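Predicted model only: the values in this text are computed from it and were never measured.
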Amino acid sequence: FSPQYVLWLLPFIPLATGRLPWILAGAVILPVVIFPWLYTSLLQLDPFPLLLVVARNGLLIAAWVIAVFRLVRHASAPNQPQETPSREEP
């Protein structure tokens, strides 16, 4: 798919934590490298640009798996009641 679709991930990078921002950044940078400079090599099915496309797809799958895992873990965590400050009588 086209690099402009991957650029839609940019707003989510600051919201991510842990390794996820680096994975998303890699998934955003790889298409920018592939399509302006290596596109003709990709059309000729040269191994290096194909490897970059596979790496990009792997990073996107890894980001999706991590995000889903975090959502499931967060949704299944018991809700902790928030502590309310007690009012002391004077």
Side-chain angles (χ1 to χ4, degrees):
F1 48 88
S2 182
Q4 69 248 21
Y5 297 119
V6 180
L7 290 176
W8 292 351
L9 295 174
L10 281 177
F12 297 106
I13 291 175
L15 300 175
T17 59
R19 294 182 186 160
L20 195 55
W22 297 106
I23 293 171
L24 289 174
V28 169
I29 291 170
L30 279 176
V32 175
V33 172
I34 296 168
F35 288 99
W37 296 293
L38 300 174
Y39 188 66
T40 55
S41 298
L42 182 65
L43 291 178
Q44 296 169 355
L45 299 178
D46 288 340
F48 182 66
L50 288 175
L51 180 66
L52 293 178
V53 170
V54 170
R56 179 216 43 202
N57 292 345
L59 289 172
L60 289 173
I61 290 169
W64 181 80
V65 167
I66 290 169
V68 168
F69 177 74
R70 287 182 182 175
L71 278 172
V72 168
R73 186 177 61 190
H74 179 71
S76 64
N79 291 335
Q80 304 272 337
Q82 296 201 0
E83 295 181 23
T84 57
S86 61
R87 296 174 93 187
E88 294 183 18
E89 296 291 326

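Using a 4.5 Å cut-off between side-chain heavy atoms of Ile, Leu, Val, Met, Phe, Trp and Tyr, with links allowed through other members, I34 and L45 fall into the same hydrophobic cluster. Cluster annotation: F48 is connected to L42 through the hydrophobic network of ILVMFWY side chains, with a link wherever side-chain heavy atoms come within less than 4.5 Å. Under the 4.5 Å side-chain heavy-atom criterion for grouping Ile, Leu, Val, Met, Phe, Trp and Tyr, V72 is connected to I61 within one hydrophobic cluster. Under the 4.5 Å side-chain contact rule for hydrophobic residues, L20 and L71 do not share a cluster. Under a hydrophobic-cluster definition in which Ile, Leu, Val, Met, Phe, Trp and Tyr are linked whenever side-chain heavy atoms come within less than 4.5 Å, directly or via other members, L52 and L43 are assigned to the same cluster.
Taking CH2 of W22 as the start and CD1 of I29 as the end, the distance is 9.0 Å to the nearest 0.5 Å. Note that CG of L30 and CG of L60 are 9.0 Å apart. Values are rounded to the nearest 0.5 Å.
Without hydrogens or angle criteria, R19 side chain to I66 main chain gives no donor-acceptor distance under 3.5 Å.
The side-chain hydrogen bond (donor to acceptor under 3.5 Å, both in side chains) search around S76 returns none, not counting sequence neighbours.
Minimum heavy-atom separation, A16 to L24: CB-CD1, 4.4 Å. The two residues R56 and A27 come nearest to each other via the heavy atoms CG-O, 3.8 Å. Residue P31 comes nearest to P36 through the heavy atom pair O-CD, 4.0 Å, listed as atom of the first residue, atom of the second, then distance. Nearest approach of P11 to P14, heavy atoms of both residues: O-CD, 3.4 Å.
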